[in-house]
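Note sheet for the following structure.
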Amino acid sequence: MASLEQIKKGLCYLPKDSEQVVDADEEVFILYTDLQVQDHQSPTSAMASFRGLGHVDSHQDILTVKYLLTNPVANFSAASESASSSELPLPTRSKPSRRTRKKRIASAPDVIELEIQIIQDKTALHSRKGDTGSVVWKASVDLAFSILQHEHFPSALHPFLDLTELKNAHVLELGSGTGILCVALSPFVRNYTCTDLPELLPLIHKNIVLNFPKWPQDSNISLTPLDWVELQNTNNRSRGFNFNPVDLILIVDCIYHPSLIPPLLATIDYIAIPNVTTVLVVVELRAEDVIRDFLSCWLNVPAWEIWRIGKGGDAIMKRPYAMWVGMKHTGP
């Protein structure tokens, strides 16, 4: 049940300090000022340190991602500190095993450890022009941590997602990359659709099979090619781009090149069902101009309402991340 201080937007509960975005310049000023303040206050923190491009470890063929989830109401201060999204997960070098599905390694009433193995394509990252989806990015890892923490230890005072609605939701992810979010989150939803460029689907396929060996039998996961530019340039989109009704669209760290902003927004606008579909956008704050262009273009798409997810008493994802929730409306 949500706190009275929270704002319900679609599937998401927003902290009371969340604000509707009405001006791109103002939003960028707020975000990057906050980022500078945080770095100034904690210059030695993991978030303030140099993070590179944002991938976890592009040198590994197989990345093992470990999550330590803790009950926030229990007296596990040391475990809670180590489980912050700024420090977890820790990638390790690993060989594939026959049982690599996301699993509970150690379990206690107030501590759960989860492990996910993800295959990366190092060759494609360096040889295929514009390829960014062949390795695991920190934004996806940290968002998965936040949602997994909420799923296993839901907060009655400050929930992030409506777990009941999420359980019955069709989630569609744009730019799925390696498929790590699908592996982490699909057990908690009705249907999960991974989408990306056709050349990236084989890698996602490998990771789904690695973690769910019986896929596609008795599975709620589907894999669909989706080129945003092709969709934008298609007049009769209903012929080539058909999706079952979508409750939640996930876009995680996909905003990095200005040329992709118009086709991304055209895709979001096409798939979203007015008054039904929640759009959750997560970015790592890098180039201000790109973020400004994205927000300005999104605000210019008719009928959309966009909210920045605030920090609240316990930030869902701290800086250098920003999160927005969008919904398309009909009527006046």
* To do: Taking salt bridge (Lys or Arg N to Asp or Glu O under 4.0 Å) as the test, write out the residues that go with D289, two or more places apart.
  => R292
* Structure fact -> Rounded to the nearest 0.5 angstrom, the SG-CD1 distance for C194 and I180 is 11.5 Å
* To do: Might you work through the side chain to side chain donor-acceptor pair (under 3.5 Å) test for N236 and S238, ending with a clear yes or no?
  => CA-CA 6 Å; N236 192 348; S238 60; 2.9 Å; yes
* **Electrostatic pair D142-K318, nearest N-O below 4.0 angstrom** => no
* To do: May I have the step-by-step check of side chain to side chain donor-acceptor pair (under 3.5 Å) for T195 and T224, ending in yes or no?
  => CA-CA 5 Å; T195 71; T224 303; over 6 Å; no
* Asked: Salt-bridged, K138 to D253, with N to O below 4.0 Å?
  -> no
* To do: Treating Ile, Leu, Val, Met, Phe, Trp and Tyr as nodes and any side-chain heavy-atom pair under 4.5 angstrom as an edge, say whether I251 and L197 lie in one connected cluster.
  => no
* Could K122 and D61 be called an ion pair, given the rule that one side-chain N must be under 4.0 Å from one carboxylate O? -> yes
* Heavy-atom check, side chain of L285 versus side chain of Y32, under 4.5 Å -> yes
* Asked: D34 and R319: salt bridge (Lys or Arg N to Asp or Glu O under 4.0 Å), yes or no, with the steps?
  -> CA-CA 8 Å; D34 187 42; R319 301 289 179 257; 3.0 Å; yes
* To do: Check whether more than 12 heavy atoms from other residues, nucleotides or ligands sit under 6.0 Å from atom CG of N300, and answer yes or no.
  => yes
* Asked: Would you say the side chain of I204 lies within less than 4.5 Å of the side chain of I208, judging by non-hydrogen atoms?
  -> yes
* Can we call the ring centroids of F188 and H150 under 6.0 Å apart? -> no
* Pair E113 + K66: basic N to acidic O under 4.0 Å -> no
* Evaluate the ring planes of Y67 and F145, with Trp represented by its six-membered ring, and classify them as parallel (under 30°), tilted (30 to 60°) or perpendicular (over 60°). => parallel
* **Candidate list V22, I291, L295, test side-chain contact (heavy atoms from CB on, under 4.5 Å), partner E27, passing option** => L295
* To do: Answer yes when K167 and E165 have at least one side-chain N-carboxylate O distance shorter than 4.0 Å, and no when they do not.
  => no
